[in-house]
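Reminder, nothing fancy here: chain letters follow the sequence lines and each chain counts from 1. Note: hydrogens, waters and symmetry copies are ignored here, and every other heavy atom, side chains too, is used.
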2 protein chains.
Amino acid sequence: MTAAQSTSFRIDCSYCPIRHRAVCAKCEPDELDLLNRIKIYKTCPAGQVIAIRGEQMDMVASIVSGTAMVTRSITDGRTQMIGLLLPSDFIGRPGREAAPYDITAITDVTLCCFRKRPFEQLLLDMPHVQERLLEMALDELDAARDWMLLLGRKTARERIASLLSLILRRAKLPEALAERDCRIELPISREAIANYLGLTIETVSRQLTRLAKDGIIRIDGKRGIIVPDVAELMAETGDDSDGGVIA
Amino acid sequence: MTAAQSTSFRIDCSYCPIRHRAVCAKCEPDELDLLNRIKIYKTCPAGQVIAIRGEQMDMVASIVSGTAMVTRSITDGRTQMIGLLLPSDFIGRPGREAAPYDITAITDVTLCCFRKRPFEQLLLDMPHVQERLLEMALDELDAARDWMLLLGRKTARERIASLLSLILRRAKLPEALAERDCRIELPISREAIANYLGLTIETVSRQLTRLAKDGIIRIDGKRGIIVPDVAELMAETGDDSDGGVIA
DNA sequence: CGCGTGATTGAAATTTATCAAATCGCGTGG
DNA sequence: CCACGCGATTTGATAAATTTCAATCACGCG
């Protein structure tokens with residue numbers, strides 16, 4: 001956590017919207033009390049840099065609201081998005097000094113922060129937090145590996161279809177996916193999509209229009225996408241029929 | 001763990017070559033005793049399938065010796081290597097029924113196996129194992145994300161250089177990297193390299209000969225590579241000067 | 001000695017990136 | 001209210017990188 005945040009406050013954990021999914025998901029009331037006492041809320045405006053690779057991190061945090069992106073770059077500016085942080089996702093790595101990636105707020109972001117040292121101590125005392133952190137790390141690992149398949153082997157069209165289908169699955173209830181004309185709002189710009197998919201902006205744009213021409217999607221303004229038939233979109237992802245999800 | 005293994009035996013943990021790096025690294029002697037009682041050694045010959053994505057896994061295991069590869073594939077046979085398993089690496093995921101990836105032995109492999117249920121129970125009772133598992137998962141996550149940068153943004157030449165430099169760093173002591181004419185043995189075939197780097201066999205082959213023509217490497221038989229100047233190779237990886245490692 | 005697998009090389013095709021220009025959306029100031 | 005300008009997006013033409021298809025080569029082994 002490098003950059004200054006604009007505000008700092010605290011609310012009670014019992015009202016916390018990410019209570020059941022964040023690192024604290026498995027905590028008992030007394031453990032929650034302890035967390036409550038040492039946490040600090042901070043907010044970052046959209047666009048603000050939350051962490052810079054290689055710089056000192058003295059905080060860890062959960063995302064309470066908003067979206068942030070995790071990126072890595074090489075010398076000449078090429079950058080790859082490595083993860084998307086949504087509410088309940090965790091930032092920071094116990095037992096490491098420097099931030100391993102760059103993190104930038106996409107929308108305004110609210111963070112539930114802990115100073116790193118006390119948090120590390122707390123991990124040892126509170127196995128529930130460590131258990132949950134392990135679960136979350138393994139889920140992220142699965143997601144990262146799915147993405148490796150996409151980046152290493154999928155065509156531009158398949159990448160776009162995969163992204164759209166990912167967003168659909170995250171945004172909609174499973175039963176809603178059977179309906180016709182599902183509408184989603186892209187949470188990120190074309191540039192961010194390109195960085196996510198390992199493509200250029202132009203290729204992203206072209207593949208979107210091509211999918212539209214083929215009737216797989218309809219484009220509705222800059223950020224809106226309407227999917228007439230989700231199954232048809234899924235068929236374009238290149239994945240096996242299960243859509244990458246294990247039964 | 002799906003496939004049948006050829007042999008099954010047990011040796012004492014105190015002689016275990018991966019004792020200090022595997023999931024049991026942080027265990028006290030009494031904890032080790034407990035592990036010792038419930039572990040089973042198994043071996044797989046080179047080429048054998050160790051796990052198949054989607055199939056039931058009733059074992060978790062550490063790699064004691066040998067090398068295995070973790071892959072994911074899509075419908076038409078395109079496959080992406082998602083990880084390389086070396087001695088001390090862990091196979092299996094607590095709290096999940098089905099294997100999330102395919103795993104294949106590259107060389108003969110010796111595994112230190114635990115039945116999944118008892119191991120899961122043991123995780124709760126032995127925080128040292130869980131701590132270590134978390135560390136290992138986070139390290140793997142970092143590795144997966146580095147690889148995402150490679151797959152999404154690097155050129156074929158940079159990918160090859162990155163792989164060679166990765167193997168160098170794994171195989172040699174840091175001080176040996178300063179020497180001239182470092183020799184490494186590629187642990188995997190051209191096809192496996194291609195699947196690792198998200199390229200075709202032919203591109204791998206061409207880039208290797210091109211790097212050789214440019215004097216960055218010398219090719220020494222099918223599997224041997226001699227690197228006259230490691231720094232020069234590192235400069236071809238596209239990474240910042242730190243070579244992707246955080247201080 | 002010939003066979004087979006894995007690796008290399010070559011030529012053509014395809015995909016994606018790059019460079020350049022046009023368009024769109026939208027808030028601002030006149 | 002409307003023209004202006006800016007950033008983001010789309011579109012077009014061309015170039016570059018990588019894949020694909022097809023041969024050839026190298027080498028270990030029966």
Side-chain angles (χ1 to χ4, degrees), chain A residues 46-47 69 73-74 76-81 104 106-107 150-164 185-214 217-225 236 238, chain B residues 46-47 69 74 76-81 104 106-107 149-164 185-214 217-225 236 238:
Chain A
M69 59 186 185
S73 321
I74 34 186
D76 56 358
R78 281 174 284 173
T79 99
Q80 175 65 44
M81 199 186 299
T104 313
I106 295 177
T107 63
L150 178 145
L151 293 173
R153 290 302 184 204
K154 288 191 180 177
T155 65
R157 169 186 266 244
E158 289 170 338
R159 294 183 200 201
I160 298 283
S162 298
L163 177 65
L164 296 180
E185 195 79 16
L186 296 178
I188 51 180
S189 70
R190 294 290 188 272
E191 182 179 14
I193 294 176
N195 287 338
Y196 206 2
L197 299 178
L199 300 170
T200 57
I201 303 183
E202 293 94 326
T203 303
V204 170
S205 184
R206 276 188 249 274
Q207 294 299 335
L208 279 172
T209 55
R210 199 163 304 170
L211 280 172
K213 277 209 185 87
D214 295 348
I217 61 173
R218 287 204 303 279
I219 292 171
D220 182 26
K222 267 195 171 22
R223 293 289 180 96
I225 300 278
E236 295 288 337
Chain B
M69 59 186 185
I74 34 187
D76 56 357
R78 282 174 283 174
T79 100
Q80 174 65 45
M81 199 186 299
T104 313
I106 295 177
T107 63
L149 177 64
L150 177 144
L151 293 173
R153 291 302 184 201
K154 288 190 180 177
T155 64
R157 169 185 263 246
E158 290 169 337
R159 294 183 201 202
I160 298 283
S162 298
L163 177 65
L164 295 180
E185 195 78 17
L186 296 178
I188 52 179
S189 70
R190 293 290 188 272
E191 182 179 14
I193 293 176
N195 287 339
Y196 206 2
L197 299 178
L199 299 170
T200 57
I201 304 183
E202 294 93 326
T203 304
V204 169
S205 184
R206 276 187 249 274
Q207 295 298 336
L208 279 171
T209 54
R210 199 164 303 170
L211 281 172
K213 277 207 185 88
D214 295 349
I217 61 173
R218 287 204 304 279
I219 292 171
D220 182 25
K222 269 194 171 22
R223 293 290 181 95
I225 300 278
E236 296 287 337

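Here the shortest heavy-atom pairing between A:K154 and A:S162 reads NZ-OG, 2.9 Å. Closest of all the heavy-atom pairs between A:A192 and A:M81 is O-CE, 3.3 Å. Considering all non-hydrogen atoms of both residues, A:R159 and A:L151 come closest at NH2-O, 3.1 Å. The nearest pair of heavy atoms linking B:A194 to B:I201 is CB-N, 3.6 Å.
Distances shorter than 4.0 Å separate none of the side-chain N or O atoms of A:T200 from OP1 or OP2 on C:dT16. For A:S205, no side-chain nitrogen or oxygen approaches OP1 or OP2 of D:dT9 to under 4.0 Å. When the side-chain nitrogen and oxygen atoms of A:R206 are compared with OP1 and OP2 of D:dT11, none of them lie within a distance under 4.0 Å. At D:dT11, one or more side-chain N or O atoms of A:T209 fall inside 4.0 Å of OP1 or OP2 (strictly under the cut-off).
If you check residues 153-162 of chain B against DNA chain C, you find no residue with a heavy atom closer than 4.0 Å.
Residue contacts shown for A:G198 are limited to sugar-phosphate atoms, with no base heavy atom under 4.0 Å away. Nucleic acid contact class of B:L199 (heavy atoms, under 4.0 Å, all strands): sugar-phosphate only.
Going from atom CZ of A:R210 over to atom P of C:dT14 covers 14 Å, rounded to whole Å. One can place CG of A:L208 at 11 Å from C1' of D:dT10, the figure rounded to the nearest angstrom. When the P atom of C:dT16 is taken as reference, atom CG of A:L197 falls 12 Å away, rounded to whole Å. In this entry the distance linking NZ of B:K222 with C1' of D:dC27 reads 6 Å, nearest Å. C:dT18 atom C1' lies 14 Å from atom CG of A:D76, rounded to whole Å. Rounded to a whole Å, the CD1 atom of A:I201 is 19 Å from the P atom of C:dA22. Atom P of nucleotide C:dG6 and atom CZ of B:R223 are separated by 10 Å, given to the nearest angstrom. Rounded to whole Å, atom C1' of C:dG6 lies 14 Å from atom CD1 of B:I219.
Remark: A:R78 engages B:E158 in a salt bridge, criterion side-chain N to carboxylate O under 4.0 Å.
With D:dT18, C:dT9, C:dA20 as the choices, the nucleotide that has an atom nearest any side-chain atom of A:E202 turns out to be C:dA20.
Residues B:T203 and A:I188 both approach DNA chain D. Their nearest nucleotides, taken by heavy-atom distance, put A:I188 toward the 5′ side.
Side-chain contact check for B:R157 versus B:L211: some heavy-atom pair is nearer than 4.5 Å. Taking 4.5 Å as the limit, every side-chain heavy atom of B:I225 sits out of range of all side-chain heavy atoms of B:R218.
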